[in-house]
Number of protein chains: 2
Amino acid sequence: MTKPRSRRGGGRPTIADVARKAGVGAITVSRALREPERVSEDLRRLIQAAVDELGYLPDPNARALASARAEVFGVLVPSLTNSVFAEVLRGIYDSLSDSSYRIQLGNTHYSGLEEERLLQVFGPQRPAALIVAGIDQTPTSRRLLETAGCPVVQVMETGPDPVDMMVGFSHFDGGKAATEHMIEMGYRRIGFIGARMDPRSQRRLAGYRAAMEAAGLFDARLVTTTPVPSSVTLGRELFRDALAKVPTLDGVFCNNDDIALGVLFECHRASIAVPKTIGITGFNDLDMMEVAFPSVTSVRTPRYEIGRRSVAMALAAIAGKRPQEPVVDLGFDLKCRESTAR
Amino acid sequence: MTKPRSRRGGGRPTIADVARKAGVGAITVSRALREPERVSEDLRRLIQAAVDELGYLPDPNARALASARAEVFGVLVPSLTNSVFAEVLRGIYDSLSDSSYRIQLGNTHYSGLEEERLLQVFGPQRPAALIVAGIDQTPTSRRLLETAGCPVVQVMETGPDPVDMMVGFSHFDGGKAATEHMIEMGYRRIGFIGARMDPRSQRRLAGYRAAMEAAGLFDARLVTTTPVPSSVTLGRELFRDALAKVPTLDGVFCNNDDIALGVLFECHRASIAVPKTIGITGFNDLDMMEVAFPSVTSVRTPRYEIGRRSVAMALAAIAGKRPQEPVVDLGFDLKCRESTAR
DNA sequence: CTACGTTATGGTAGCGCTACCATCTACCTC
DNA sequence: GAGGTAGATGGTAGCGCTACCATAACGTAG
């Protein structure tokens with residue numbers, strides 16, 4: 001008359017099985033697994049033996065329900081194919097692979113509405129932490145983040161008024177530094193070429209504009225942008241447009257490296273000398289920019305490090321040790337290469 | 001003397017609150033939400049009104065515990081930065097964004113051991129489906145997949161003996177087709193350049209070798225590989241090595257497009273004419289291959305479609321409608337471009 | 001020797017949902 | 001009109017864990 005083992009559960013061992021085998025209470029097994037220091041050495045060993053013998057693995061769903069907290073990091077990025085976010089993700093994953101946290105990834109497609117929807121999906125699950133790209137959440141998203149009841153890290157940028165914590169750098173300063181470098185190298189009719197034009201791109205453009213205006217070089221006709229998603233192909237096309245608009249163009253600051261690569265290829269194709277006739281600067285400094293011919297000047301951004309740091313801050317907050325300074329600026333690094341070496 | 005609302009839960013509305021407000025049983029609310037067709041029109045409306053008014057959102061953890069099934073797709077890829085997998089992921093995400101499934105992503109770093117660890121983490125959660133890259137799982141991983149109790153889709157390749165279902169294409173055939181094309185275009189001393197050399201790269205190499213041997217052109221010295229992770233930089237270096245080893249080299253079939261791009265840049269830098277002196281073929285056909293100068297011949301692989309199809313098959317299996325044919329070969333498409341147009 | 005922390009362990013009562021089975025009401029069928 | 005069937009609804013009993021509180025055992029102070 002033994003009660004049928006676990007009608008629904010499929011028969012894998014539960015904490016009660018372990019407790020029985022070890023001759024202790026279920027709660028002690030639970031403790032031994034989560035806070036070993038609160039259980040005596042002897043019992044701990046006994047319980048570990050039972051766990052090993054039965055092949056017991058705690059049920060994360062039951063755990064989450066009972067403790068009102070899932071061992072899950074929710075991560076929201078605007079794009080999966082943009083290698084910039086891929087590197088942030090890599091940093092996040094590498095920092096979390098030793099822990100028992102799972103990662104739930106959402107793709108917002110650069111849409112505030114989609115971000116809201118995903119936060120609504122993530123929220124009820126009570127994640128351990130949320131990492132979101134960008135600082136321009138909609139009011140609804142912001143409220144959802146504020147009421148999530150877990151640490152929140154906004155990544156990629158820094159800015160005033162964090163929801164909770166922030167790790168990133170100033171895109172405005174990056175755009176400004178890149179442009180100033182080109183001016184310094186003697187370029188004058190420097191175009192800005194940008195696609196997608198998400199908030200970060202906008203701030204890079206603002207940095208470009210500030211530098212150009214400070215040098216008395218700004219001209220609205222130098223700016224060529226489109227809301228269309230960025231790609232190498234698009235870089236080529238936008239460059240053609242820019243050149244048609246301003247034939248005297250002598251340099252371009254590209255919104256990102258994909259665009260810059262498109263420009264570079266088009267220069268090859270049209271036999272335009274780089275850096276002599278046209279100077280090129282990219283943004284992000286993907287691996288290939290250094291290898292390209294000529295090598296391309298770019299603003300190196302700490303993507304991987306942003307991922308790592310965001311997890312470190314979240315874990316600290318979970319452990320109750322909130323960082324002194326909730327906003328971390330990791331800076332950037334202008335890599336001057338052949339494409340602007342006039 | 002009302003009992004304190006939800007000591008632990010934080011006070012958000014539960015299914016019982018909705019049931020009370022709508023004047024029905026809790027189970028009817030549950031049904032109205034999950035199988036609306038089994039509840040009468042009237043009650044459905046009543047319940048929906050109560051749900052909206054209270055802002056009720058079901059607790060996914062409680063749901064998962066009670067039903068022994070989480071609304072989660074577990075996805076395992078070997079790399080986050082390799083844009084090939086990024087596109088597969090994009091396909092998966094796009095196919096799942098209308099559903100209530102969450103996605104839990106694991107990064108195996110091309111390691112069988114890490115794959116095992118991740119499957120061990122994913123398993124106890126009882127995911128609705130598992131999508132894993134590759135068909136060369138370790139025996140342990142294979143057993144974990146077989147006993148996961150949910151649909152499993154192996155993606156990127158096809159092969160005999162699927163765990164459950166498969167969507168991909170033949171890397172061997174792809175490598176063979178690319179090599180045959182180069183032979184046809186008149187190249188003779190065609191090198192193979194490959195990095196990482198995961199199982200799929202190995203099969204592309206095997207395809208290359210088969211084509212070369214069939215033409216009586218194979219020479220072991222033509223093959224240059226390394227287990228080091230692939231990158232554009234590495235492409236350049238391996239090409240230099242290959243050229244030093246076989247100065248009469250007149251073409252290269254590259255393991256992937258990153259390598260091909262590195263080769264192309266090095267040719268520019270060393271003033272080697274492409275396609276005249278050296279022909280180049282890549283693999284995957286990333287967006288930029290068409291834009292490169294000269295444009296680069298490559299094997300277009302249906303990455304995005306693999307992602308979409310894998311989800312479609314998994315969802316069908318969840319719904320009890322297993323596809324007739326569990327192995328789907330999506331093929332590939334050789335894109336002949338300037339880099340091999342001798 | 002009593003009072004009182006302090007530490008180690010356990011029992012009970014949920015967490016919020018759904019599987020399972022029971023019930024109840026039409027609506028047939030013969 | 002008895003019996004059967006299908007469809008709609010609800011009650012009960014968990015799912016496997018942990019929060020909370022109780023208890024026991026052991027010092028240590030007064």
Side-chain angles (χ1 to χ4, degrees), chain A residues 3-20 22-47 51 54-71 100 123-126 128 149, chain B residues 3-20 22-47 51 54-71 100 123-126 128 149:
Chain A
K3 130 173 56 170
R5 130 109 69 196
S6 184
R7 184 165 42 115
R8 290 133 77 159
R12 57 182 91 185
T14 72
I15 205 169
D17 297 324
V18 176
R20 208 171 308 122
V24 300
I27 190 69
T28 305
V29 175
S30 175
R31 262 198 290 263
L33 262 33
R34 291 175 303 135
E35 323 167 79
E37 73 285 356
R38 292 196 36 192
V39 173
S40 69
E41 177 89 32
D42 292 358
L43 280 193
R44 219 183 306 157
R45 252 201 292 272
L46 213 64
I47 290 169
V51 164
L54 292 171
Y56 169 73
L57 288 170
D59 180 329
N61 299 130
R63 225 174 218 193
L65 179 59
S67 66
R69 194 52 68 202
E71 283 201 293
S100 58
Q125 194 182 185
R126 298 162 182 282
Chain B
K3 130 172 54 170
R5 130 111 68 201
S6 183
R7 184 164 43 115
R8 288 132 76 161
R12 57 182 92 184
T14 73
I15 204 168
D17 297 325
V18 176
R20 208 171 308 123
V24 301
I27 190 68
T28 306
V29 175
S30 175
R31 262 197 291 264
L33 262 34
R34 289 176 304 135
E35 323 167 79
E37 73 284 357
R38 292 196 35 194
V39 172
S40 70
E41 177 89 30
D42 292 356
L43 280 194
R44 218 184 308 157
R45 252 202 293 271
L46 214 65
I47 289 169
V51 164
L54 292 172
Y56 169 72
L57 289 170
D59 180 328
N61 300 129
R63 227 174 216 191
L65 178 59
S67 67
R69 195 51 68 202
E71 285 201 290
S100 58
Q125 194 183 186
R126 300 162 181 280

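Throughout, protein chains are lettered first and strands after them, A, B, ... in sequence-line order, and every chain is numbered starting at 1.
- In this structure, the side chain of B/R69 engages the main chain of B/R126 through a donor-acceptor pair within 3.5 Å.
- When the C1' atom of D/dG14 is taken as reference, atom CD1 of B/I15 falls 15 Å away, rounded to whole Å.
- Rounded to an integer number of Å, the gap from B/I47 CD1 to D/dA8 P is 13 Å.
- Listed pair B/R34 / C/dA19 meets the phosphate criterion, a side-chain N or O lying under 4.0 Å from OP1 or OP2.
- Going from atom CD of A/Q125 over to atom P of C/dC17 covers 14 Å, rounded to whole Å.
- Checked by atom type and distance alone, the side chain of B/R44 pairs as donor or acceptor with a backbone atom of B/V39 at under 3.5 Å.
- Distance CG (A/L54) to C1' (D/dG16): 15 Å, rounded to an integer number of Å.
- For the pair B/P58 and A/P124, the tightest heavy-atom approach, listed with the atom from each and the gap, is O-CB, 3.8 Å.
- Side chains of A/L33 and A/V51 form a contact here, defined as non-hydrogen atoms less than 4.5 Å apart.
- Put simply, CG on B/L65 is 9 Å from C1' on C/dC15, counting in whole angstrom units.
- In this structure, B/R63 places its CZ atom 10 Å from P of C/dA19, rounding to the nearest Å.
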Please tabulate, one pair per line, each protein N/O and nucleotide N/O from nucleotides 4-10 of chain C that are separated by under 3.5 Å, including the distance.
{"unit_1": "C/dT9", "atom_1": "OP1", "unit_2": "A/S40", "atom_2": "OG", "d": "2.9"}
{"unit_1": "C/dT9", "atom_1": "OP2", "unit_2": "A/S40", "atom_2": "N", "d": "2.8"}
{"unit_1": "C/dT9", "atom_1": "OP2", "unit_2": "A/S40", "atom_2": "OG", "d": "3.4"}
{"unit_1": "C/dG10", "atom_1": "OP2", "unit_2": "A/G25", "atom_2": "N", "d": "2.9"}
{"unit_1": "C/dG10", "atom_1": "OP2", "unit_2": "A/T28", "atom_2": "OG1", "d": "2.4"}
{"unit_1": "C/dG10", "atom_1": "N7", "unit_2": "A/R31", "atom_2": "NH2", "d": "3.0"}

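- B/V24 is not listed as a side-chain neighbour of B/R31, based on a closest heavy-atom distance of 4.5 Å or more.
- For the pair A/L33 CG and D/dC17 C1', the interatomic distance rounds to 11 Å; values are reported in whole Å.
- The side chain of A/S30 places no N or O atom within less than 4.0 Å of a non-bridging phosphate oxygen (OP1 or OP2) of D/dC17.
- Residues B/R12 and B/D17 share a closest heavy-atom pair of O-OD2, 4.3 Å.
- Following rounding to the nearest Å, B/D17 (CG) and C/dC17 (C1') show an atom-to-atom distance of 13 Å.
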